[in-house]
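When reading the values below, keep in mind they use all heavy atoms of this one structure, side chains included, and skip hydrogens, waters and symmetry mates.
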Amino acid sequence: MRDAITELSAAAIRAKVAEGELSAKAVVETHLAMIEATNPRVNGLLTVCGEESLAAAERIDARVANGKKVGPLAGVPVAVKDNLCTAGVRTTCASKILENFIPPYNATVVEKLMKADAIIVGKANLDEFAMGSSTENSAFGVTANPWDLSRVPGGSSGGSAAAVAARMAPISLGSDTGGSIRLPASFCGTVGMKPTYGRVSRYGLVAYGSSLDQIGPMARNVADAALLLKVISGRDELDSTSVDRPVPAYEKSLDKPVTGLKIGVPVEFFGEGLDAEVESAIRRGLEVYKAAGAKIVDVHLPHTEYAVACYYIVAVAEASSNLARYDGMHYGHRTSETGDLVETFRRTRAEGFGEEVQRRIMLGTYALSSGYYDAYYKRALRVRRMITSDFEAAFKQVHAIAGPVCPTPAFKLGEKMTDPLTMYLSDIYTISVNLAGLPAISIPAGYSKSGLPIGMQLIGPVFSEGKLLRIARMHESSAGLADRRPAVVDGK
Amino acid sequence: MDVKLIIGMEVHVELDTASKMFCACSTSFAAPPNSNVCPVCMGMPGTLPTMNALAYEYSVRAGIALNCTIARYTKWDRKNYYYPDLPKNYQISQYDLPLAENGSFEYELDGETKRVRIIRAHLEEDAGKLLHEELTGYTQVDLNRAGTPLLEIVTEPDFRSADEVGAFARELRNTIRYLAVSHCDMQKGQMRFEPNINLHITADDGKVYKTPICEVKNLNSFRAVEGAITYESRRQLAEWETSGVTMATGNKVNRGWDDKKGHTVPQREKEEAHDYRYLPDPDLIPVELSDERLEEIRGSIGEMPIDRRRRFKAELGLNAKDAAALVEDKHLADYFEAAAAKSKLPEPTAKWVLNEVTAHCNEHDVRVADFPITPHRLAALVILAESGEISRAQGREIFTEMLTSEKDPVEIQQAKGFGQITDESALESVIETILAANPKAVEAVKAGKHQAIGPMIGHVKKQEPNANPKLVREMLLRRIQGM
Amino acid sequence: MAISQDEVRKVAKLARLELTDEQVHRFANQLGAMLDYVDRLKELDVEDVEPMAHAISLRNVFRPDAARESQGVEATLANSPASDPPYFKVPRVLRG
């Protein structure tokens, strides 16, 4: 083992730091050393907050030494996706247009992390503005999958997943608009949860598809994900769409199995295009539940085949409006070429945005433009309701729905870059969850023959995070998948 | 040939809230440039809008006063267009479900009641300000105003003259002020007008030609609105006469107003046709209005100025001019009503309020609310003045003293020894002297020229300044007629 | 292919993007393929379905009208690519 500290869970670090068994400074130093060793090969972090995190660690150690109380994430290093605003720390969204943008405010989740005494060690790479499924759309270089450096980590929260897998931090924050937490969690062998829409404040999350975006936790085990979710959840007066509802202590009742558990398996998720290795990993996962006494039944989500189409209208329409503000007038990149106002707008945006972002802005603009609004946007909003109704019907029969996260394990870097549509279809099983605003979690379900992690997705009704985490924990505690880790961690 | 002028109005009213519509920045007008700005109203990445409760309530009040149907379900939409005074490059507005629609509004012109139909009223956010730097060739941006709540009111094209629009605009301003939702200070841009103007020309052969609609942007005064309409009606007729352009052959145009030259000027057309790509704002939650809440807001709205004017005329017997002058300022009208209720003499009370009270307030830049003489004390003065015991000049002197003293008017009158002679016997000898000295005037009065009595009253007053002129007149007449 | 190069140029203008000829060509194909794919939504009968713009059914979320101190001019201009304090400086905007 290269370093015992970087193998510790967030819960264990917090316990040791709070007890004075381990200094927060030592925790941060070992993680910074791991970052130094692995990040050049993985490129999971765009910004490393070395000095700030050491200073924060010292403050926590001083408080522990003085017998003061410390927060629930005291001394725990966290990687934060670089579309979450951090006051005084560059927040780029992996875009040239925000290359030098330093927000004067923290995202609400960042405030909450700080209040919990977590230590932000770095800003994680992503697909530019969270638009992508592979983290190849970053303006600052692709992130490599720690399990196989020639493969993608998934996206768009690829940096957050890779950082956790590569032991740069035990936990991280990602954001999920169409699968952007769950897909990289699946590809990198970590746990990743997309909470119910409204569970976590979006204030300070740079918007992509505002009615779909949700921030969520990534971790190497279910308990850490629960701990982190508890810290970041709750109503925020700065986000009108955050829901005023009590936040349960998710991390406390995890080992209580769900009695009389009924899991639905959507027939539509096991059709054409599903990789055989992925399918057998999921089937094995279902066996684990069966063995624990759960009932497994077939359910139907008949509008699944429309989810990607629906998403690629709704998300991009919102994105075309959300990204209009990047025009080089009040902040961000402005073209150095002189011209009139319209030319400046157009050149600035052409220089600042990458190809995928431009493509989605184009599609979204088209879908909202006069003459097409009803045919595309409005119709998509109606289909969205139908997709949501499918889930509502299914949840009348079962507690949770289980299935794959992605049709395949991690694919090769560059493999899908030439054909956007093929790339979009990577999200076929995750996208409908965002359209319906549901919580869902990706947990490790097994490995392919070539050693690539495969994730299983568990989807629940709105605000069923507590139950979902317990169901996830049931699998984790009996599937016997622990103790594998990527070779890059050991310098290989 | 018959030419009909057709005008519809768009009016923007900045609501008088303490904070902006979607963030907690102040709406203060006087702040230095870019000082009332935060990450939300400058549209920084990741920031989110949160809806100001009072801005919504104010809009509902205005909607009720415009006799609109108030939407029980309303939502916010994004209107997308690029402009440097609009930091997000979309304006949060209302598209298909405005909070008020299908209303009507009455105003008066030359004693006649007119009515305009209201298409809709909706709430949106204002943009920042651009300042055009002539020297450097750059434009400066001040975002203080960005995000100020703005009520947009749209009328049907029911107006047929600049005078109608002027009367409507004044009535609307008074109404909005009565609702206390905006000060409508036009110099500060709190109320802005955009008339849509065209002509329907019936040629001698009976054919009707409609000229292209012209929207005149951002007019900041009643004079500008009236001037722009008058100018446009002439310009459009001349243009049609020379080019024959109509709605069918020409596009709608936007023009600006040159206040100095007194004419409209063409505005550079934006490059593309407008395509605002409206979409529901995913960051904002829809609003549902309950019956109870609506009735509560309805109940909080007092009498509107047009009704008050009518009441002042019908019930208090004021003339139209006085009623209008009083009602224009709600505080002044409130003051008047309180004084008139006490004096039971509405007409003279109105004169005192309109002459002395307003003169003092204007001269000393005092708000009516801070005027030192209470309505009840003024009423006492009006009663005293009307009793005929004091002269008008003495009344004014008492008024002046009351401004700085707590004494009641009768006390002041006694202290100053003011009192008109109302005892006939005390005046008899003076009357006789004057009659004897003015035989020509006496003859004239006898011959029916009653105006000849005026100078004689003056002569009496010169000798006996405290003489009550009414009594003097009566005595003179009686004596002459008895001759 | 469902979208012409002219249409791509029109949309690019609306979206304030300056595209190269090569991009116009590529986007015409790619957006066309996307629109072909999205066309499957037309198979569904959506007549009686209420559009769903929000994932949650919250109503009436308001903030009380209270003003707070703003961030100050310096912070406001700190990220601006060009300023002329206390103003932002942008290319000349012709009136209109």
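You'll find the side chain of D213(A) reaches within 4.5 Å of the side chain of L205(A), heavy atoms only. A heavy-atom distance below 4.5 Å is found between the side chains of L421(A) and Y37(C).
Proximity to chain C (any heavy atom under 4.5 Å) is shown, for L212(A), by neither the backbone nor the side chain. Of the two parts of A324(A), neither the backbone nor the side chain holds a non-hydrogen atom closer than 4.5 Å to a non-hydrogen atom of chain C. Proximity to chain A is limited to the side chain of Q30(C), based on heavy atoms less than 4.5 angstrom apart. For K42(C), the parts lying under 4.5 angstrom from a heavy atom of chain A are both the backbone and the side chain. In this structure, no portion of D48(C) lies under 4.5 Å from any heavy atom of chain A. For T388(A), the part sitting under 4.5 Å from any heavy atom of chain C is the side chain, from C-beta outward, and nothing else. Looking at Q358(A), the atoms closer than 4.5 Å to chain C (heavy atoms on both sides) sit in the backbone and in the side chain alike. Looking at Y372(A), the atoms closer than 4.5 Å to chain C (heavy atoms on both sides) all sit in the side chain, from C-beta outward.
In terms of non-hydrogen atom pairs under 4.5 Å with chain A, the most contact-rich of K89(C), Q71(C), M34(C) is M34(C). Of all the listed residues (A82(C), A12(C), S80(C), P51(C)), the one sharing the greatest number of non-hydrogen pairs under 4.5 Å with chain A is P51(C).
Here OG of S336(A) is found 6.0 Å from CD of E351(A). Values are rounded to the nearest 0.5 Å.
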Full working for side chain to side chain contact (heavy atoms under 4.5 Å, CB included) between R346(A) and K13(C): CA-CA 8 Å; R346(A) 296 184 71 184; K13(C) 209 166 176 183; 3.7 Å; yes

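Close approach to chain A, defined as a heavy atom under 4.5 Å from one of its heavy atoms, is seen in I56(C), L58(C), V61(C) of residues 56-68 of chain C, taken by number.
Aromatic pair F129(A)/Y326(A): centroids less than 6.0 angstrom apart.
Look at E356(A) and R359(A) and you find a salt bridge, because one of the NZ, NE, NH1 or NH2 atoms lies within 4.0 Å of a carboxylate O, short of that distance.
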